[in-house]
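These values consider heavy atoms only, across backbone and side chains, with no hydrogens, waters or symmetry-generated copies. In what follows, residues are counted from 1 in the order of the sequence shown.
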Amino acid sequence: EVRDPSAQPVAGAWVYLYRTGDIEIGGHTDAAGRVDLPIDGTTAGSVLVTVTGHNLYAHQGSLAIQQAANFVGLGSAAIDDDGSSPSNGNGDGQVNPGERIVPLVELVNHGSNAAQNVSLTVSCDDPYVGLVSAGPIAFGDIPAGGSAYALDNLIFDVAPGTPNGHRIRLELTVTSMVRARLLRLG
């Protein structure tokens, strides 16, 4: 989060992450002072962070990525919106107003140890989204370097009056016998 000296969020700040050869990504903060910058966090090392913006002093710093023994993250996600239960939509692979969506989530274990008894729970505070099945959804055990899909379905409904272009943010919490980790999707 980017905050001003009085601890208020800063909207519109430019945040840029850089590491030679593999990370070059930037984005503007939202009204809460946040920006999501998806990076490959599986390679340990230092990442340079630069924050700039109108009427802001530039900030340069760094963050360290450490290799974790237990590290399960989002591998991929797709949308099931066909007419076959439990989803109900037009089958275009896009989230549309009035549809029942089944997100197809793949989790990857980037850690050096097996992740045991992995599960996922979804939350969403969007007024246009109704969670039908939010979990926990089991993924079973995921070996080091392996991946898995859910053994059951996450399901949510999109309100018919949802504005075109509305962005839906799902927060996914991945839990294993070792610890929990929050992921953001959307």
Side-chain angles (χ1 to χ4, degrees), residues 17 22-23 25 27 30 32 34-44 65-186:
L17 305 178
D22 67 339
I23 298 175
I25 189 168
D30 61 16
R34 297 183 195 159
V35 61
D36 289 330
L37 300 174
I39 62 170
D40 179 2
T42 60
T43 305
I65 298 176
Q66 298 176 346
Q67 180 64 39
N70 300 294
F71 180 45
V72 176
L74 182 65
S76 67
I79 300 299
D80 177 2
D81 70 334
D82 61 18
S84 299
S85 184
S87 67
N88 188 9
N90 62 8
D92 67 354
Q94 302 291 318
V95 176
N96 296 302
E99 291 186 332
R100 174 163 282 185
I101 303 297
V102 176
L104 306 172
V105 177
E106 175 195 29
L107 296 179
V108 176
N109 183 358
H110 300 286
S112 56
N113 293 340
Q116 298 176 325
N117 197 24
V118 177
S119 65
L120 182 141
T121 305
V122 66
S123 62
C124 183
D125 62 2
D126 191 313
Y128 295 107
V129 174
L131 297 174
V132 177
S133 175
I137 303 295
F139 282 75
D141 296 345
I142 305 175
S147 64
Y149 286 91
L151 303 175
D152 205 350
N153 293 313
L154 297 168
I155 305 169
F156 66 91
D157 290 334
V158 181
T162 303
N164 283 339
H166 179 74
R167 186 170 181 171
I168 295 171
R169 171 176 280 183
L170 302 177
E171 289 194 351
L172 309 176
T173 301
V174 178
T175 306
S176 72
M177 288 180 60
V178 178
R179 66 183 213 194
R181 180 162 188 260
L182 175 69
L183 305 169
R184 291 190 171 91
L185 177 66

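- The shortest heavy-atom contact between Cys124 and Arg169 is SG-O, 3.3 Å.
- Distance CD/Glu171 to CG/Asp126: 11.5 Å, rounded to 0.5 Å.
- Checked by atom type and distance alone, the side chain of Asp80 pairs as donor or acceptor with a backbone atom of Asp82 at under 3.5 Å.
- Atom CG of Leu104 sits about 8.5 Å away from atom OG of Ser76, to the nearest 0.5 Å.
- Between Gly73 and His110, the shortest heavy-atom distance links the atoms N-CD2, 4.2 Å.
- Pairing each heavy atom of Pro160 with each of Pro97, the nearest pair is O-CB, 3.3 Å.
- Asn117 approaches Asp141 most closely through the heavy-atom pair N-OD1, 2.7 Å.
- Taking CG of Asn96 as the start and OG1 of Thr162 as the end, the distance is 10.0 Å to the nearest 0.5 Å.
- Interatomic distance, Ile137 CD1 to Leu154 CG, rounded to the nearest 0.5 Å: 4.5 Å.
- At least one side-chain heavy atom of Leu170 sits under 4.5 Å from a side-chain heavy atom of Phe156.
- Checked by atom type and distance alone, the side chain of Asn88 never pairs as donor or acceptor with a backbone atom of Glu99 at under 3.5 Å.
- In this structure, Phe139 CZ and Leu151 CG are separated by 7.5 Å, a value rounded to the nearest 0.5 Å.
- Between His166 and Tyr128, the ring planes lie perpendicular to each other; the angle is over 60°, past the 30° to 60° tilted range.
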Please determine whether side chain to side chain contact (heavy atoms under 4.5 Å, CB included) holds for the pair Thr121 and Thr175, giving the CA-CA distance in whole Å, both sets of side-chain angles, and the decisive distance to 0.1 Å. CA-CA 8 Å; Thr121 305; Thr175 306; 5.6 Å; no
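- To the nearest 0.5 Å, atom CD1 of residue Ile155 and atom CD1 of residue Ile101 are 11.0 Å apart.
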Could you please spell out the steps behind the side chain to side chain contact (heavy atoms under 4.5 Å, CB included) verdict for Val118 and Asn109? CA-CA 10 Å; Val118 177; Asn109 183 358; over 6 Å; no
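- Of all non-hydrogen atoms in Asn153 and Pro86, the two that sit nearest each other are ND2-CG, 3.4 Å.
- Taking the side chain as every heavy atom from C-beta outward, Val95 and Asp81 never approach each other to under 4.5 Å.
- Formation of a donor-acceptor pair under 3.5 Å by the Ser87 side chain with backbone atoms of Val102 is not found in this model.
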